[in-house]
Amino acid sequence: MKLLGHSTIQAKVEPDKVYRGPNMFQYGFAERAQQTVNKKQTSESQKKSIMKLVMKRMEEYFRNSTLHGLRYVGDPLISFGERFFWLLAFFVALLCATYFINNIYSKYNRSPIIISLNPTATPIGSLPFPAITICSMNQAIKKEAEQIMLSGTDVEKMLLDDYCNGNSSFGNLSNLSEEVGKWENVQKFILRVTCLLKIALANQPFLMATQDMAILNLTFQREVDDWNPERGFLPNASLTALPWRAKGPGTHLGLTLVLDAQLSSYYCSSSTGVGFKVLLHNPLETPKMADFAILISPGLESRVSIEPKIYDASYTIKEIEIEKRMCYFTNERSLQFYRTYTELNCKLECQTNLTLSLCGCVPFYLPRNRLKKICSKSKQICSNLAKEIMEIHSQNGSSCHCLPGCFELGFEASVSFGQLTDTFKIREQYIKNVSPEYFRQNMAVLHFFFTESKFTSYTKSELYGFSEFLSNTGGLLGLFLGFGALSCVEIFYYFFLKVVCNSLQSRRKSKQNMKIKKRVVTKGYPFHIAN
């Protein structure tokens, strides 16, 4: 090799010589073993370098962190015991914060809903007047019942006994009675013996006694608004549209009815007295008169003050699971026989399905389609059993999952009354063509009215929304650790962004150094190397 003046480095490289001989396989094995050892040493050195880098970053983060106590942990100027004390204090504070945050999360997860009074009152004009269902307690007209007892068939006598005394006479008979106990025959019997109400609405007869079943399905030729508790009335709906709305509070703006009990035609009663069953309910719901109606006696003038129960909800709870908020919005569950979901409609439909599965038929008072068979008298025991099972919460009633609606409307009635008398002059619109004595003994006057023009509603809203949970969590972290939103940015900066930036800078510097070396080589060294 010779050293010359300004020239490039010249080197002669001979081709690699391959060792060949009897120990070729041993040499190859030893070479592979050496390569494996070299790889392990390289990986271990890489791990050590990574650990050194991580420890360096942690130490730097501790020295500059805004979290309480960590600055002392990373301070190299204090003793190891002091640094350990601050590290222990930091972990104790972290455990306390974790404990309280877990309590908040459990409360947020377990009961995220609160029911509170809505500060905005609901005006009377946005509420429908309650649907009022009235039934006479008279089960059979005396004249028709006596005629059946004198000259009626055995089947008619059995039906009358069932109708008046609640005896399930058809439940234990042969298949011969299945035919006569069919709904068509029962319907004819009911039309024969039932006395429909005589009701006067103001000065006009509202419903008169008749033997035509079509009277039970009246159609009002009026404008109908598609009202429901969630959407309310349409903005352009008129005040005369169905369902009706009250114009204001008081009896003069309410509804007055005059009912005729016709005591002389009583044969048997659905209760132990005489008079009427009255129930106020949501216009969208089917009333359950036998179970929830109030009783009104003849010879009384009663004032029924209406107190609406309004339940609404904040739409923010729609993001919460149904099992936690325990209510349905209108579009979240559809029913087969009702357009609008309510809890009562759901239960009645569920009772229909349960009775159909157990008895193979549906009672006439439950919703059904035309293809479903109406239960005959012989199925009465079975249908009553299905009703009992449905209404016991621990049995099938709970499997239908009939939760309340998030928007629902109900009505409560407070009744006060006074005795009717024929001593004073009776209003002409009340007495009509009957004598004062008949009026006092048989008539009942009912006034339905609202007592206020605005009502308070109950609102379901979030007890702990995400923002409340976040603020409570942030408050605890700030109290115990001094942790804030920028603390996350700080951690991201020291353990990721700064590492990436340093790596990029080191690569950039290495590239610049390589460029400098290449420039130096192209210019040449002051020595020339040659063989």
Please examine the side chains of P298 and V274, heavy atoms only from C-beta on, and report whether any two atoms are closer than 4.5 Å.
yes
What's the spacing between I320 CD1 and M326 CE if we round to 0.5 Å?
13.0 Å
So does K387 pair up with D291, basic N to acidic O under 4.0 Å?
yes
Euclidean distance, Q419 CD relative to L300 CG, rounded to 0.5 Å
5.5 Å
How many angstroms lie between NZ in K318 and SG in C406, if you round to the nearest 0.5 Å?
9.0 Å
Has the side chain of D225 got a donor or acceptor atom that lies under 3.5 Å from a matching backbone atom of L242?
no
Residue K157 excluded, over 12 heavy atoms near NZ under 6.0 Å:
yes
Is it true that atom CD of E319 has more than 12 heavy atoms of other residues, nucleotides or ligands lying nearer than 6.0 Å?
no
Could you check whether any side-chain N or O of Q336 sits under 3.5 Å from a backbone N or O of E349, counting only pairs where one atom can act as donor and the other as acceptor?
no
Once rounded to the nearest 0.5 Å, what's the spacing between atom OG1 of T98 and atom CG of L481?
8.0 Å
Can you check whether S265's main-chain N or O pairs, donor with acceptor, with N138's side chain at less than 3.5 Å?
yes
Are any side-chain N or O atoms of T194 and backbone N or O atoms of L191, one a donor and one an acceptor, separated by less than 3.5 Å?
no
Take atom OH in Y338; do more than 12 heavy atoms of anything else shown fall under 6.0 Å from it?
yes
Under 4.5 Å between any side-chain heavy atoms of L463 and P112, yes or no?
no
C350 and C402 SG atoms less than 2.5 angstrom apart
no
Would you indicate whether E321, at its atom CD, is surrounded by more than 12 heavy atoms from other residues, nucleotides or ligands within a distance under 6.0 Å?
no
Who pairs with R440 by salt bridge (Lys or Arg N to Asp or Glu O under 4.0 Å), at least two apart in sequence or on another chain?
D422
Is the backbone N or O of L409 less than 3.5 Å from a side-chain atom of N282, with the two atoms forming a donor-acceptor pair by type?
yes
Can you list the steps and then say if Q139 with S269 is a side chain to side chain donor-acceptor pair (under 3.5 Å)?
CA-CA 5 Å; Q139 292 286 84; S269 175; over 6 Å; no
Using a 6.0 Å distance limit plus a 45 degree cone around the ring axis, check whether K142 lies over the aromatic ring of Y266.
no
Test S457 against T459 for side-chain contact (heavy atoms from CB on, under 4.5 Å), laying out the working first.
CA-CA 6 Å; S457 61; T459 302; 4.2 Å; yes
Heavy-atom donor-acceptor pair, S314 side chain to I317 backbone, under 3.5 Å:
no
Report, as yes or no, whether the 6.0 Å neighbourhood of atom CZ on R333 holds more than 12 heavy atoms from other residues, nucleotides or ligands.
yes
Assess the pair F411 and F129: is the distance between their ring centroids shorter than 6.0 Å?
no
Partners of E343 by salt bridge (Lys or Arg N to Asp or Glu O under 4.0 Å), sequence neighbours excluded?
K347
Disulfide bond (SG atoms under 2.5 Å apart) evaluation trace for C382 with C375
CA-CA 9 Å; C382 180; C375 292; over 6 Å; no
So, are K324 and E462 salt-bridged, with charged N and O less than 4.0 Å apart?
no
Atom OH of Y365: over 12 foreign heavy atoms under 6.0 Å:
yes
For the residue pair K460 and C327, establish whether any side-chain heavy-atom pair is separated by less than 4.5 Å.
yes
Using a cut-off of 6.0 Å, state whether more than 12 heavy atoms not belonging to F337 lie near its atom CZ.
yes
Okay, side chain of N345, backbone of L284: is any donor-acceptor separation there less than 3.5 Å?
yes
I'd like to know if the side chain of T352 and the backbone of P367 have a donor-acceptor N/O pair within less than 3.5 Å.
yes
Are Y315 and F329 an aromatic pair by the rule of ring centers under 6.0 Å?
yes
Return the set of residues passing salt bridge (Lys or Arg N to Asp or Glu O under 4.0 Å) with K188 (not counting sequence neighbours), or none when no residue passes.
none
In plain terms, say whether E408 and K309 are close enough for a salt bridge, that is, a side-chain N and a carboxylate O under 4.0 Å apart.
no
Verify, without hydrogens or angle tests, whether E156 (side chain) and I148 (backbone) share a donor-acceptor contact under 3.5 angstrom.
no
Is the backbone of I124 close enough, under 3.5 Å, to the side chain of S453 for a donor and an acceptor to pair up by distance?
no
cation_pi(R245, F233) dist<6.0 Å, angle<=45:
yes
Stepwise side chain to side chain donor-acceptor pair (under 3.5 Å) check, H447 with T256
CA-CA 4 Å; H447 305 280; T256 297; 3.0 Å; yes
